[in-house]
Participant: 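Here it is: the structure, laid out below.
To find a chain, count down the sequence lines: A is the first, B the second, and so on, and within it residues start at 1. Computed from heavy atoms alone, side chains included, the values below leave out hydrogens, waters and symmetry copies.
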Amino acid sequence: MEYNFRDIEKKWQTTWATEQTYHVEPNPGKPKFYVLNMFPYPSGAGLHVGHPLGYIASDIYARYKRSQGFNVLNPMGYDAYGLPAEQYAIQTGQHPAVTTEQNIARYREQLDKIGFCFDWQREVRTCDPKYYHWTQWAFARMFNSFYCNRCQQAKPIEHLVKRLSERGTEGLDVAQTEELHFTAEEWNAMTEAEQLQVLMNYRIAYLGETMVNWCPQLGTVLANDEVVDGVSERGGFPVVQKKMKQWCLRVSAYAQRLLDGLDTIDWTDSLKETQRNWIGRSEGTEMQFSVKDSDVKFTIFTTRADTIFGVTFMVLAPESELVAQLTTEAQKAEVEAYLEATKKRTERERIADRRVTGVFSGSYAINPFTGQEIPVWISDYVLAGYGTGAIMAVPAHDSRDYAFARHFNLPVIPLIEGADVSEESFDAKEGTVMNSPREGVTALDGFCLNGLSVKEAIAATKKFVTEHNLGRVKVNFRLRDAIFSRQRYWGEPFPVYYKEGQPHLIPEECLPLELPEVSKFLPTETGEPPLGNAARWAWDEQARCVVDNAAIDHTRVFPLELSTMPGFAGSSAYYLRYMDPQNDQALVSTEADAYWQQVDLYIGGSEHATGHLIYSRFWNKFLFDLGVSCKEEPFAKLVNQGMIQGRSNFVYRIKNTNTFVSLGLKDQYDVTPLHVDVNIVQNDLLDLEAFKAWRPEYASAEFILEDGKYVCGWAVEKMSKSMFNVVNPDMIVEKYGADTLRLYEMFLGPINQSKPWDSNGIDGCFRFLRKAWGLFYPKNAGWAVTDEAPTRENLKTLHKLIKKVTEDIEEFSYNTAVPAFMIAVGELAQQKCSSRAVLEPLVVLLAPFAPHICEELWHSLGHEGTVCDARWPEFDEQYLKEDSVTLSVSFNGKTRFTLDFAADASKQDIEAAALQSPQAQKYLEGKQVVKVIVVPGRIVNIVVK
RNA sequence: GCUCGAAUGGUGGAAUGGUAGACACGAAGGACUUAAAAUCCUUUGGCCAGAAAUGGCCGUGCGAGUUCGAGUCUCGCUUCGAGCACCA
């Protein structure tokens, strides 16, 4: 019987769907295993062969775990909010919900064809009100929480309110936007609106006036990770800095926990490193400087407190509030001109053009250690958002300060013995300190660092600064709070309305607050976000429902928030929702969460390292603090699948003709390489007829062939329509079947490695499946499996395979597991094995990789149910033992010949036999044996002189 | 600039410090066939010697080192990829 993959795959996909084979429920009697893929954004282009790579890898693992007796949760859903659908809506007027729905249907159809064991009953969509109910709910909880630094935990805002009313900010150690100081009396004297305003300083979800990345073309703000090289990640439009009132999430409060948590999870080092970079912990010192002839004092942050004696100027960020305070009358005009000029430069220009710019403020700071006067400058190389927005500049030991000092002719004082600072600064934190203080300079309390190493000097300075109350030791993080508003339509609405200028939450029981219909998806004439076009977008506080805008009276009916949430909102806790997707009382029930706990295996791309993977860790930690999630980290193990790149093909057209020349001959002509659709090229040979039919202008094409063939050139590029190198999984499935596609995607290379899609090798996987099928249904014969006892050889092949496949799956080394199957099937075919005792375990082993064919064979073997529930075979060491072993014999490390020994031969026996073997005599002639190394089972190395 | 990772035939890629190139593709030759497709068999890192069996030498980006023995470990480079980047 032929291997008819079309019938087989259709049959089992239908059966799995109708019988809900992969639906799971918590089962306390069984250990759980939670496998998760990063859910896709359903784009209009559909899936290409790169998308399923991770899904197949996790599907194999899920099926394997199920076979091992685990209750496996393997859900799938859609990250359905996003810019492309909205941009498309703006262009076509099509409602994003409609296009999203269509795209999802297409994705589902494509996914179904590949035979995944997803539990579709648990599907979630971020744009579904039943889903975003809980996104809004989490936001509301963040709004109503603050972060206590002392207990390192989020707490209800009422606790803070109570404390403020009792003791004010005295001794308060909480995460905050800026350090406020007031007494209990002052707090109690505030109006409600004033109190609410103050609380914004502490809330985990807060409305903050911050510099944001504003993208005029997209009409929205973007998060830092959505801006790449100064342009928007989506669309590549310019991004400018703009001060706006925005919802923010106080992610920075969790910086230390986000950093520490990395040590507890099984992620790749490179990904952890990326997150460590992004969090950017830096331990340093804050020091206070007073200003000459002024009451103003300001604080700077430095990691090199030891260089205090080398400070020759101070620098303020242009946006710093100190600029106004420190600019003298004489410098005012110049400073203002400079501020104006910097404002105009976009971030991109600043990155592209790093010329040194700056202006003198006119003021002088006083070095607290020496009393020396130091000029205060303003320059955009100092960032307002990091540290205190002010620095002490030590040109001798900081390259940026050095560049600035050289440009404006400021003095450079070297502080490290032997450091040559005539050409460049000496930035390394090493060497022996000198000039600290210089001769003739007296330092406060006789403080002296000379002769110490840099490390010692840093420690000594920190101690001194703390003791003399000149500042404090401080840890700074680069991680910024996440900007959480987007001026877009297609996103989760905020459950917020504005009363007396202050945001108020709509009550939790009124959630979800559904996204309203709008007349158009563009910003309003007055520049408000698209939700400003909604006619019915106001909150009636008494009726507790959404009403027409016309009803707004600011006493009972109030306007609702017009921004929506960003893309990462919906994807931050979806793994929790999968545990309990239908629950309308809670994001996830305590029971469901207690059973499924956390994701055991998460598979997805590393491009989310500083976006989704940070946000969802933050989000989950917050929910952990609330007691909603029982685990602090959401994803115990993470495997990054590599990107599948495109493999483009080229034809070479002779210039000004319609003649195409084959690759090998192209150098003889003046040619233009042109992309050609990879789907009409096979093994780099062009299908000439298909090419002529591909485009009208090629209908009359002529060819110069080599050996009667047209050979195309190729290159690895991004998979994209414009390169004509997109390979669609449905086409592969149509031609070879899903099982072949699955095997081939795994066979292509290590899962975590980026690699080009090359359809050339796919035949090998198809042939393998046909061969495997042939063991059960040989050609020109019926069913071949018998109850015959397996031979020792059969069992050896089988157990070798069990061992290899089990190990490979555990290590995600699928690309080596597939060849193991090929070898085993080859061996069994040669052995003419028909024994059920061997073939049945083979089916179970192969099932995770090629579920359809294995399901069919499993049923042919007379079983019910699904092959995934069959017990995973265990290997038995005894079958792997050999009667004899072949050892290679080498002389001075160079292998010369092999010898067979009994499996239990002793080292001495092996050594003696090797030395006495006739083959060895040739190499021993005239030589002296120095020593013999015997590694049992491996090698005999004879060292001769 | 800093951090992390990679480099092996024509191609994708295998190799607990122990016979480098598994397996697959491609290529060449052969069988079957009227023919083609499909299938099966053989060869396939390079160079040299030989009629052949076979034998020899060289080979894992480059240069050192450790070791009886290095693709694998250490150090120094080169190239490519990824992340961060005026973060004080």
Participant: Below the 4.0 Å mark, does B:rG13 have OP1 or OP2 next to a side-chain nitrogen or oxygen of A:Gln753?
Facilitator: yes

Participant: Check the side chains of A:Gln275 and A:Thr610 for a donor-acceptor pair under 3.5 angstrom, ignoring hydrogens and angles.
Facilitator: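 No, because no side-chain N or O of A:Thr610 sits under 3.5 Å from a partner of the opposite role on A:Gln275.
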
Participant: Could you tell me the separation between the CD atom of A:Gln919 and the C1' atom of B:rG56, rounded to a whole number of Å?
Facilitator: 18 Å

Participant: More than 12 heavy atoms of other residues, nucleotides or ligands under 6.0 Å from CD of A:Glu810: is that the case?
Facilitator: yes

Participant: How do A:Lys771 and A:Thr388 order along RNA chain B: which one's closest nucleotide is nearer the 5' end?
Facilitator: A:Lys771

Participant: Side-chain donor-acceptor pair under 3.5 Å between A:Asp427 and A:Ser399, yes or no?
Facilitator: yes

Participant: So which heavy atom on A:Ala920 is nearest to which on A:Leu915, and how close?
Facilitator: CB-O, 3.9 Å

Participant: For B:rG56 and A:Lys894 - does any side-chain N or O of the residue sit under 4.0 Å from the phosphate oxygens OP1/OP2?
Facilitator: no

Participant: Roughly, in whole Å, what's the span from CD in A:Gln275 to C1' in B:rG83?
Facilitator: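 Distance, rounded to whole Å: 12 Å.
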
Participant: Please check if the distance between the ring centroids of A:Tyr338 and A:Trp377 is under 6.0 Å.
Facilitator: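 No, the ring of A:Tyr338 stays outside the 6.0 Å limit from the ring of A:Trp377, centre to centre.
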
Participant: If you define the side chain from C-beta out and look only at heavy atoms, does anything of A:Met822 sit under 4.5 Å from A:Arg767?
Facilitator: no

Participant: If a pair satisfies salt bridge (charged side-chain N to carboxylate O under 4.0 Å, His left out) and one of its residues is in residues 298-311 of chain A, list it, with sequence neighbours excluded.
Facilitator: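 Every pair satisfying salt bridge (charged side-chain N to carboxylate O under 4.0 Å, His left out) with a residue in residues 298-311 of chain A: A:Arg304-A:Asp306.
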
Participant: What's the closest nucleotide to the A:Thr610 side chain, out of B:rC40, B:rC84, B:rA88?
Facilitator: B:rC84

Participant: Between B:rA88 atom C1' and A:Phe289 atom CZ, what is the distance in whole Å?
Facilitator: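 That distance rounds to 12 Å.
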
Participant: So which nucleotide from B:rU3, B:rA88, B:rC68 ends up closest to the side chain of A:Lys931?
Facilitator: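 Given the options B:rU3, B:rA88, B:rC68, the side chain of A:Lys931 is closest to B:rC68.
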
Participant: With the sugar-phosphate defined as primed atoms, P, OP1 and OP2, and the base as all remaining atoms, what B/S/- string results for nucleotides 27-33 of chain B, 5' to 3', for protein heavy atoms under 4.0 Å?
Facilitator: -------

Participant: Respond yes when some side-chain nitrogen or oxygen of A:Tyr381 is under 4.0 Å from OP1 or OP2 of B:rA88, and no when none is.
Facilitator: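 The answer is no; no side-chain N or O of A:Tyr381 sits under 4.0 Å from OP1 or OP2.
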
Participant: If I pick the P atom on B:rG9 and the same atom on B:rU72, what distance separates them, to the nearest angstrom?
Facilitator: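 Pairwise P distance, B:rU72 against B:rG9, rounds to 15 Å.
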
Participant: Whole-Å distance between B:rG12 C1' and A:Leu53 CG?
Facilitator: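 Rounded to the whole Å, the gap is 14 Å.
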
Participant: Among B:rU19, B:rG13, B:rA88, which is the nearest nucleotide to the side chain of A:Ile391?
Facilitator: B:rA88

Participant: Between B:rA14 and B:rU19, how far apart are the two C1' atoms, rounded to whole Å?
Facilitator: 15 Å

Participant: Taking atom C1' of B:rA37 as reference, at what distance in whole Å does atom CG of A:Asp687 sit?
Facilitator: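 Computing the A:Asp687:CG to B:rA37:C1' distance gives 15 Å.
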
Participant: Can you tell me how far C1' in B:rC40 sits from the matching atom in B:rC48, rounded to whole Å?
Facilitator: 35 Å

Participant: Mind checking the P distance from B:rU79 to B:rA15? Whole angstroms is fine.
Facilitator: 29 Å

Participant: Heavy atoms from C-beta onward define the side chain here; which of B:rC68, B:rC84, B:rG55 lies closest to that of A:Ile933?
Facilitator: B:rC68

Participant: Taking for each residue the nucleotide of RNA chain B with the nearest heavy atom, is it A:Asp398 or A:Ile939 whose nucleotide lies nearer the 5' end?
Facilitator: A:Ile939

Participant: Checking all strands, does A:Thr895 fall into the base, sugar-phosphate, or nothing category for heavy-atom contacts under 4.0 angstrom?
Facilitator: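 It contacts sugar-phosphate atoms only.
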
Participant: Near RNA chain B, which residues from residues 813-826 of chain A have a heavy atom under 4.0 Å away?
Facilitator: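 Result for residues 813-826 of chain A: A:Asn815, A:Thr816, A:Pro819, A:Met822, A:Ile823, sorted by number.
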
Participant: Taking the side chain of A:Thr302 as its heavy atoms from C-beta onward, which of B:rA88, B:rU19, B:rG83 lies nearest to it?
Facilitator: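 The answer is B:rA88, which lies nearest to the side chain.
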
Participant: Assign A:Pro756 to base, sugar-phosphate, or nothing according to its heavy-atom contacts below 4.0 angstrom with the strands shown.
Facilitator: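 A:Pro756: no heavy atom of the nucleic acid under 4.0 Å.
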
Participant: Given the C1' atoms of B:rG55 and B:rG50, what is the spacing between them in whole Å?
Facilitator: 9 Å

Participant: Side chains of A:Asp763 and A:Tyr736 only: does a donor on one sit below 3.5 Å from an acceptor on the other?
Facilitator: yes

Participant: For the ring pair (Phe, Tyr, Trp, His ring centres under 6.0 Å) test, which of A:Trp757, A:Phe768, A:Phe766 pairs with A:Tyr744?
Facilitator: A:Trp757

Participant: Quick check: do A:Phe369 and A:Met287 have side-chain heavy atoms less than 4.5 Å from each other?
Facilitator: yes

Participant: Measure from CZ on A:Phe897 to C1' on B:rG56 and round the result to the nearest Å.
Facilitator: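 Result: 17 Å.
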
Participant: Between B:rC25 and B:rG61, how far apart are the two P atoms, rounded to whole Å?
Facilitator: 26 Å

Participant: Check the chi torsion on B:rG50 and let me know: syn if it falls within 90° of 0, anti if not.
Facilitator: anti

Participant: Look at atom CD of A:Gln921 and say whether more than 12 heavy atoms of other residues, nucleotides or ligands are closer to it than 6.0 Å.
Facilitator: yes

Participant: How far, in whole Å, is B:rG17 from B:rA6 if one measures between their P atoms?
Facilitator: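 Taking atom P in both B:rA6 and B:rG17, they lie 15 Å apart.
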
Participant: If we ignore angles and hydrogens, is there a donor and acceptor under 3.5 Å between the side chains of A:Thr816 and A:Asp808?
Facilitator: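 Side-chain D/A pair, A:Thr816 to A:Asp808: present.
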
Participant: Heavy atoms from C-beta onward define the side chain here; which of B:rC68, B:rC57, B:rU19 lies closest to that of A:Thr886?
Facilitator: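 The listed nucleotide nearest to A:Thr886's side chain is B:rU19.
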
Participant: Side chain of A:Arg767, heavy atoms from C-beta onward: which of B:rC25, B:rA88, B:rU19 has the nearest atom to it?
Facilitator: B:rC25

Participant: A:Arg770 side chain: which of B:rA88, B:rG56, B:rU39 is closest?
Facilitator: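 Between B:rA88, B:rG56, B:rU39, the one nearest the side chain of A:Arg770 would be B:rU39.
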
Participant: For A:Glu607, look at atom CD and say whether over 12 heavy atoms of other residues, nucleotides or ligands are found less than 6.0 Å away.
Facilitator: yes

Participant: Has A:Glu811 got more than 12 heavy atoms of other residues, nucleotides or ligands less than 6.0 Å from its CD?
Facilitator: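 Enclosed: over 12 neighbouring heavy atoms sit under 6.0 Å from CD of A:Glu811.
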
Participant: Starting at CD1 of A:Ile910 and ending at P of B:rC68, how long is that distance when rounded to a whole Å?
Facilitator: 20 Å

Participant: Give me the stems containing RNA chain B, sorted by first residue, counting only three or more consecutive Watson-Crick or G-U pairs with both distances under 3.5 Å; say none if there aren't any.
Facilitator: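 Paired runs of 3+ in RNA chain B: B:1-7 with B:78-84, B:10-12 with B:23-25, B:26-31 with B:39-44, B:45-49 with B:54-58, B:61-65 with B:73-77.
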
Participant: Check the distance between B:rA6's C1' and A:Asn640's CG and give it to me in whole angstrom.
Facilitator: 16 Å

Participant: Which nucleotide in the set B:rG12, B:rA88, B:rA14 lies at the smallest distance from any side-chain heavy atom of A:Phe747?
Facilitator: B:rG12

Participant: Using the C1' atom in both, what is the distance from B:rU33 to B:rA38, to the nearest Å?
Facilitator: 11 Å

Participant: Would you tabulate the pairs of protein nitrogen or oxygen atoms and nucleotide nitrogen or oxygen atoms of nucleotides 71-76 of chain B closer than 3.5 angstrom?
Facilitator:
none

Participant: Any chance the side chains of A:Ser648 and A:Asn725 put a donor and an acceptor closer than 3.5 Å?
Facilitator: yes

Participant: Sorted by first residue and then second, give each salt bridge (charged side-chain N to carboxylate O under 4.0 Å, His left out) pair with at least one member in residues 271-289 of chain A; sequence neighbours left out.
Facilitator: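 Qualifying pairs, neighbours excluded: A:Asp263-A:Arg276, A:Glu273-A:Arg276, A:Arg281-A:Glu283, A:Glu286-A:Arg472, A:Glu286-A:Lys474.
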
Participant: Quiz question: by atom type and distance under 3.5 Å, do the side chains of A:Asn476 and A:Ser282 form a donor-acceptor pair?
Facilitator: no

Participant: State which of B:rG56, B:rA38, B:rA85 makes the closest approach to the side chain of A:Arg896.
Facilitator: B:rG56

Participant: Tell me whether the OP1 or OP2 atom of B:rA88 has a side-chain N or O from A:Tyr402 closer than 4.0 Å.
Facilitator: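 It does not, given that no N or O in the side chain of A:Tyr402 lies less than 4.0 Å from OP1 or OP2 of B:rA88.
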
